[in-house]
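Notes follow once the structure below has been shown.
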Amino acid sequence: MLAFTIRRTFQSVVVLLVVGLVAFSMFRFVGDPVDNMLGQERTGADIERLRTQLGLDQPFPVQYFKFLRGAVQGNFGVSYRQGRAVSGIIAERLPATLELAAVSAILAVVFGFGLGVFTAIRRDGWAANTIMTLSLVGVSLPTFLIGILLIYLFSVELNWLPSFGRGDVVDLGWWRTGLLTESGLKALILPAITLGLYQMTLIMRLVRSEMLEVLRQDYIRFARARGLKERVVHFRHALKNTLIPVITVTGLQLGSIIAFAIITETVFQWPGVGLLFINSIQFVDIPIMAAYLMLISVMFVGINLVVDLLYFAIDPRLHVGSSGVKG
Amino acid sequence: MTQAPVPQSAITRAWESDFMWSFRHSPVAIVSFVVAATLIFAAIFAPLIAPHTPFEPGTLNLMNGFSKPMEANEFTGETFVLGTDDQGRDVISTILYGMRISLFVGFAAVTFAMVLGVTLGLVAGYAGGWTGTIIMRIADVQLTFPGILVAMLIFGIAKGITPIHLRDQMAIWVLILAIGLSEWVQFARVVRGATLVERNKEYVQAARLNGRRPLGIMLRHILPNVLGPVLVIATISLALAIIAEATLSFLGVGAPPTQPSLGTLIRIGQGFLFSGEWWIILFPSITLLALALSVNLLGDWLRDVLNPKLR
Amino acid sequence: MLKSLLNGALALTLLGTAASAETFRWASKTDPQTMDPHAVNSAPVLGFLNNVYEGLVRRGKTMAIEGALAERWEAIGGDGWRFFLRKGVTFQDGAAFTAEDVLFSYQRASSEAADTASWFAPVSEVKIVDEFTIDFLTKAPNPIFPDSIANFMIMDKGWAEANSAVLPSKDEGNYATLNANGTGAFKLVERQPGLKTVLEPFENWWGKPEHNITRAEFTPIQNPATAVAALISGDVDMINPVPIQDAERLQQRGGVTVIQGIEARVIMLGMPHKAEMLKYTADAGKPNPFLDVRVRQAVAHAVNVEAILAKTMRGAAAPASQLVSPAMRGYSPSLEARPAYDLAKAKSLLADAGYADGFTFGLKCPNDRYLNDEAVCQAVVSMLAQIGLKAELDAMPVRNYWTELRADNYDMYLLGWSPGTFDAEHPIRFLAATPNKEKKLGSWNFGDFSNGRIDELLPMIQSEIDDGKRQEMLNESAKILQDEVAYVPLYVQPLVWGTGKNIALTQRPDNFLILRWVTVN
């Protein structure tokens, strides 16, 4: 187990280095940051001077090495656009994204589980079929369109909910939360639905199919045969055995919620890291882009690592790598 | 699926098979199939069906722009069934041609992702060891980058390295590559998982003991066993690819506006949501919804049918 | 632990509490990237900071120059300009405003580290005469100098020195990037880059307030549909821009007013005047047809500007015949006719030039820079196709655009130009003069247009004091540019703002929102 953990951790570090390299080389193609930092009346000399100041005239390996050296110390440099330390900017924006992601995830898990169990138990009922079909509508339209339609309906036509932003926030010192004010909570509803819809559908379908499988298995039949009540069978036995695979997959999905927040944040002008990233692409703010990608990578790789370790601990069949082929 | 004058027994057997039986008894599957087939058919034969050729700039008249559905244009007097967009392009025609591009991108991307993912998944699962580890770590890197980012990255790089006069023709291929690369991991994970389980079974062990070469074993034995889930993922991926293409368009890295896909049409139409020209966004959105939903429903149905544990 | 929690709870501050009637919230596409008035010469920055900082002169509601920190000014013969400063003005931190601050700001704004140095290219020396008088000496007579420094904002010397912000910093930022201390009608009270910036009235401002705002909050909103939704639902009081296509519908809706005007920006097509070959499509490598003036004329006659204005611009824009709009100083009224839309003439011009069958080429276009830029380019593609010129359109975000143009990767391109000085000399200097790095001429003349007479006229225009003679030379330049079809000017871009019904404000042609003209009812 220890050897496995060490090896996996080592691999994760390699993954991060590769991501850093890919991310960093990507920026050479995104555009020219200098163009966006100078006004209309600049001259060629101004451009050259700024390029030197930013170190963009140095060879690529040198730039990459400098970036890595800084990144290891948690220093991602200074934003070209804002002229402030990137780490500070990210720390400022992260709470908004994490709150949005957490609420979306909770919505997705709660409704995903509920509806998944329901559709599995009532496998062929009309209500279950309707839910299954409707849930597919949600994943058959692009997220940006769903977001815009929600704004159109609930903000413009009905005027129930705010159309953009995060509402009033409360400053807890190191964390600005929108969860403690009425306007903050209201502002959260539409983006959270937009972001969580896709994951909810995914979880619901997963729960349904896992549950259906479990319900077919012998011990469930046996439980039924013993005369246990249906509800007990469903919730005590079936659901419990559905949980492990569903939880692992859900865990993986949660990471991607943060990544997918990019689109939702753009549509709702949600002041999180996703919006920051999109803006930084627009202005070729390389230090921000690099830091964002590294952040996402660390999160994903971390989640991956945990999931893999869990698998290893739970499923003995996967011990193949270390103990040879078993019959 | 109608009768045809071919050997009766084969048709009958196919018709009576479990698969077809299940299809015939699922109204959702039938409707989805009809919708998807109709749309795909319409897209393939768009040049024959479409009333106009929206991609031929010389035939467009800007003054036809913003014609309402079924109403004569106030300047030119021409009438368009579903109206025209901001460039004076007939909406029906742009949808038909746009769907062609969306479907082409979708099918090509999924095929690419499937071939790549299945191959790598098989290798990773069967070979295990360092090969497997490296492949699955690459998959991790891939998952680390959200699909959208992967696509944007590839888009940027392709723009950087292609000769300038070829770039525009590249857009579609770059989309295919980008979407394909962001979806292969799904296939690889499933196939690897299945392979890990299958490879320890007696028949594979036996084949190996018989001195068969690994490639042969994998293809002959494992592939048929993972075909079901792969088909399901492929179907869902097709819907995903079409949606992903639309999302990329929203971010400005999709199909060019002179050769719009459904996604590009929606992105353009989005600008007219508040201006009263609802038809420019509504019809492409409905088409996209119908296409993605029917494909998704088919995928769903396939999943249930092909999963032996649910019978 | 408990104690610190308790302290935290007590220190809870509600940010942005209940909006009182005089809070004005507005949104625009771009966040001003810095609060430093000398670090970036771009409209979002200068427009925003005009509310906080002030210049020696400023522009009024009709763009006319009026006194701000200078009460009056006069030419010192042909040697420069003397400014008489306003007395009793204080900065927002309480420091007194004197000629020292002007000299300091000049040194700061004209330094290499600044992005505004080009404004001071004609200046040879700045001399303090007394505490409230200062001379700007120029190398040659410069009639438009006061006009050209309307956005030159004065910073307090003491404040900048105390906060180590003596020079602007483009790459790393400094104190002045996030903080501001001007003499303007509003002071900066909160700055969250990219999210929210809050201003409040400066109680000791020297002028008489015309507004009734007690607090002004700015939020950038990138997605146009989201901005429109925010305006309709009353989440903001003003947005800029309103997508042109939404203007009419919004106007009909209760609760929203749309304000339209003509901006200073002229949108035009550019062509290569020096490249030997075409670079795109099947005809790549063939001789460059745009070298022939008849081909350029054909392009000008083939573009149906009226149709673009009616459809793509929804009647909100005005056609353009020159590189500047009629509202600019030095416009030539006698040359206001633009080439007529005439396909037959365009075809015969092409035939004369030996291109009766047309040719194919690549058109480059930004897709997030000007209003509906991509749609305009698409329309141009259709129109040129009618005379056999098949353009392949490559539309891209502006972040890649200038790099492409600078690398000469185009056969034709779309360009918008807004003269910073509001004078016709500006585009000649940047777009028409033969490119020359040392003299800083023609830096945006991507097509390498070159005309000996234009190069001769430019310095004469720059130093001519007599308005009549100057105008004659400007007319001559405009005529040459028209005859040579250096560019094909299309239209003057419109300004479209949307406000709540309870808001009264003034829309200035430079697209600046001046808060001291805003009233909330």
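Within every chain, numbering begins at 1; the chains are lettered A, B, ... in the order of the sequence lines, protein sequences first and strands thereafter.
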For this session: With sequence neighbours excluded, tell me which residues meet salt bridge (charged side-chain N to carboxylate O under 4.0 Å, His left out) with B:D86.
Result: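 Residues passing salt bridge (charged side-chain N to carboxylate O under 4.0 Å, His left out) with B:D86: none at all.
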Exercise. Who passes salt bridge (charged side-chain N to carboxylate O under 4.0 Å, His left out) against C:D283, sequence neighbours left out?
Worked result: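 Partners of C:D283 by the salt bridge (charged side-chain N to carboxylate O under 4.0 Å, His left out) criterion, ordered by chain and then number, come out as C:K286.
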Shortest non-hydrogen contact between [X] and [Y], atoms and distance:
X      : Y      : result
B:Q87  : C:A375 : NE2-O, 2.7 Å
C:A379 : B:L62  : CB-CD2, 3.8 Å
C:A385 : B:P57  : CB-C, 4.0 Å

Exercise. Distance from C:Q386 atom CD to B:N61 atom CG, nearest 0.5 Å?
Worked result: 7.0 Å
With chain B, which of [options] has the greatest number of heavy-atom pairs at distances under 4.5 Å?
options                        : result
C:I308, C:N223, C:L250         : C:N223
C:R314, C:Q252, C:R253, C:E306 : C:R314
C:A225, C:A229, C:S382         : C:S382
C:A307, C:A282, C:P243         : C:A307

Exercise. Counting only heavy atoms not in C:K501, do more than 12 sit closer than 6.0 Å to its NZ atom?
Worked result: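 Counting other residues, nucleotides and ligands, NZ of C:K501 exceeds 12 neighbours.
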Problem set entry | C:E248, CD: over 12 other non-hydrogen atoms inside 6.0 angstrom | no
Exercise. Can you find a heavy atom in the side chain of C:Q378 that is under 4.5 Å from one in the side chain of B:R89?
Worked result: yes
For this session: With sequence neighbours excluded, give me every salt bridge (Lys or Arg N to Asp or Glu O under 4.0 Å) pair touching residues 242-257 of chain B.
Result: none
Problem set entry | Part of residues 264-288 of chain B lying next to chain C, heavy-atom separation under 4.5 Å |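 Within residues 264-288 of chain B, the residues under 4.5 Å from chain C are B:R267, B:Q270, B:G271, B:F272, B:F274, B:S275, B:G276, B:E277.
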